[in-house]
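Here the structure is laid out as structure tokens; the discussion comes afterwards.
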Protein chains: 2
Amino acid sequence: MQLMSEKSAAEGGLRERKKRATRAALAEAAVRLAAEHGAEKVTVEAISAAAGVSVRTFFNYFDTRDDAFVVIDAEAGARMRRAVVEAPAGLSPLEALREAMAAELAEAEQQHELWRLQAEVLHASPHLLARGVGAHRAAEEDLADAVAERLRGAGGTGGSGPGSEPGLYPRLLAAVASVAVRTSMDHWSAHQEEAAFLDVFREVFTLLAAGLPAPSA
Amino acid sequence: MQLMSEKSAAEGGLRERKKRATRAALAEAAVRLAAEHGAEKVTVEAISAAAGVSVRTFFNYFDTRDDAFVVIDAEAGARMRRAVVEAPAGLSPLEALREAMAAELAEAEQQHELWRLQAEVLHASPHLLARGVGAHRAAEEDLADAVAERLRGAGGTGGSGPGSEPGLYPRLLAAVASVAVRTSMDHWSAHQEEAAFLDVFREVFTLLAAGLPAPSA
DNA sequence: TGCATCTTTGCATACCATGCAACTTATGTC
DNA sequence: GACATAAGTTGCATGGTATGCAAAGATGCA
């Protein structure tokens, strides 16, 4: 048992780094090829070839061909979970989720070109959007748990037992937050010139916090 | 131009009725088999055999194997669209959506056993939930259009069908509503004894309309 | 009845996805 | 540095998913 913390980029031994590199290469190849030829026309074989590995290896990294277009960072879920639990006490659950996701998305947006390409790909192939970012089911469950844990910690009783199923409220919150991400991406990719992505994202949360009233003007 | 209205069940010629019957048989077979053996273990061949058609015919009705578990009524989207547009003027967009969906869901719930089975299947195979009911992308687009039209139509502008792209608000509303359905189903299928489905559904919309505040106590 | 149209079906083909066994590459120890 | 072990990669075999095409079977209508 070593006390390493291997969080982000260049941590771990050669093995770990190679794995990360391979995964990233596959994901990037998938997005680039999809942006160029359309997601439907991109075969696993093409992705694997572009990343320099065998087809079989592709499936060691992704359960499904479509996952390669969607999952850019596999550890984002865990980070968001922590961010939600540890967010300042003054924030509402919705705000805590917003900030956790905004931080994550801001980081993803650093790789500007790739991010933009991915948004285009997802916009062009809506069924991929359904899996988008937080939609990855595991991440959503994680978020629901995180919300439940946060509520327990604050003294309120919104969740149920410690390890058991999260209640209706945390579940709904996680689902809504994840749908907020994909709606933002979808809308933004259709209006990339007009507004920055994170602004769209925050506007969505503003609408949600206001209870989705009819736009007055 | 004939003035037929062929809306619901027994309308149309023999051809239409047979097609509806085949589709329904396939969907029902899919759900029953999935409830019994688990969705992953059910092959298209088995579904087709149970419905008494060839495998090739299955794919004439559904684009994807998974669609058979999810799409119970193909015309629900169109009906909801109309319901949203024609809802009483006093209702907010969110309320209009809630009522349109509630009506649709109430009808689906008539076929009690099948509905319950489907909820179980979707709960057991979360990735199917991602496509759940309204998640079928076309339906969501339809809903977004309907909301947009409703907002425009408040002034009585006729003619224009589904205009250009719906804005951020209609899109978000449709996405949230569809996620509300699947969250309700998911939660309900885990607590079937405690509450009626439609009550869970309405509670979800209450939370949404309130802006998802932290549960006070 | 007979023709036009739509639907179903089998066949061929290509891609997706998984299990298994052989092979190659890192890691830690002596 | 060499060795044993664990981990990752690869090819192969297999079975399920999905689409195009053309022939055969129903249906609608005159």
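Lettering of chains follows the sequences in order, A, B, ..., and the numbering in each one begins at 1. All values reported here derive from a predicted model rather than from experimental measurement.
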Subject >> Donor-acceptor contact present, side-chain B/W188 to main-chain B/A195, <3.5 Å >> reply: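 Present.
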**OP:** Examine distances only and state if a side-chain atom of A/T183 and a backbone atom of A/A180 form a donor-acceptor pair shorter than 3.5 Å.
**Re:**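 No, the answer is negative, given that no donor and acceptor are paired below the 3.5 Å cut-off.
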When the distance from [atom1] of [X] to [atom2] of [N] is rounded to whole Å, what number comes out?
X: A/D66; N: C/dC15; atom1: CG; atom2: P; result: 16 Å
X: B/E40; N: C/dT18; atom1: CD; atom2: C1'; result: 14 Å
X: A/R20; N: D/dG8; atom1: CZ; atom2: P; result: 12 Å
X: B/R65; N: D/dG15; atom1: CZ; atom2: C1'; result: 13 Å
X: A/E16; N: C/dT27; atom1: CD; atom2: C1'; result: 12 Å
X: B/F59; N: D/dG16; atom1: CZ; atom2: P; result: 12 Å
X: B/R23; N: C/dC6; atom1: CZ; atom2: P; result: 19 Å
X: A/E45; N: C/dT13; atom1: CD; atom2: P; result: 18 Å

Look at all strands and tell whether [X] reaches a base, only sugar-phosphate, or nothing, counting heavy atoms closer than 4.0 Å.
X: A/Y61; answer: sugar-phosphate
X: B/V55; answer: nothing
X: A/N60; answer: base
X: B/F58; answer: nothing

Original post:
Would you call B/E86 and B/R150 a salt bridge, using N to O less than 4.0 angstrom?
Top reply: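 Between B/R150 and B/E86 there is no salt bridge, as every charged N stays at least 4.0 Å from the carboxylate O atoms.
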Original post:
Between A/E149 and A/R82, is there a salt bridge with N-O shorter than 4.0 Å?
Top reply: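 Not counted as a salt bridge, because no side-chain N and carboxylate O are separated by less than 4.0 Å.
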**OP:** Look at the side chain of B/R56 against the base of D/dG20 and say whether a donor-acceptor pair falls under 3.5 Å; ignore hydrogens and angles.
**Re:**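 Check passes, donor-acceptor contact within cut-off.
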**OP:** Could you tell me whether the side chain of B/R15 has a donor or acceptor atom within less than 3.5 Å of a complementary atom in the base of D/dT27?
**Re:**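 Looking at the base of D/dT27, it does pair with a donor or acceptor on the side chain of B/R15 (distance under 3.5 Å).
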Original post:
Is the NZ or CZ atom of A/R23 both under 6.0 Å from the centre of the six-membered ring of A/F62 and within 45° of that ring's axis?
Top reply: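 Yes, cation above the ring, under 6.0 Å and within 45°.
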OP1, OP2 of [N] versus side-chain N and O of [X]: anything below 4.0 Å?
X: A/T64; N: C/dA17; result: yes
X: A/K19; N: D/dG8; result: yes
X: A/T57; N: D/dT10; result: yes

**OP:** Please determine, for the side chain of B/L14, which listed nucleotide (C/dC15, D/dG28, D/dA18) has the closest atom?
**Re:**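 The closest nucleotide is D/dG28.
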Original post:
Between B/K18 and A/K18, who's closer to the 5' end of DNA chain C by nearest nucleotide?
Top reply: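 Comparing both residues, the 5'-ward one is B/K18.
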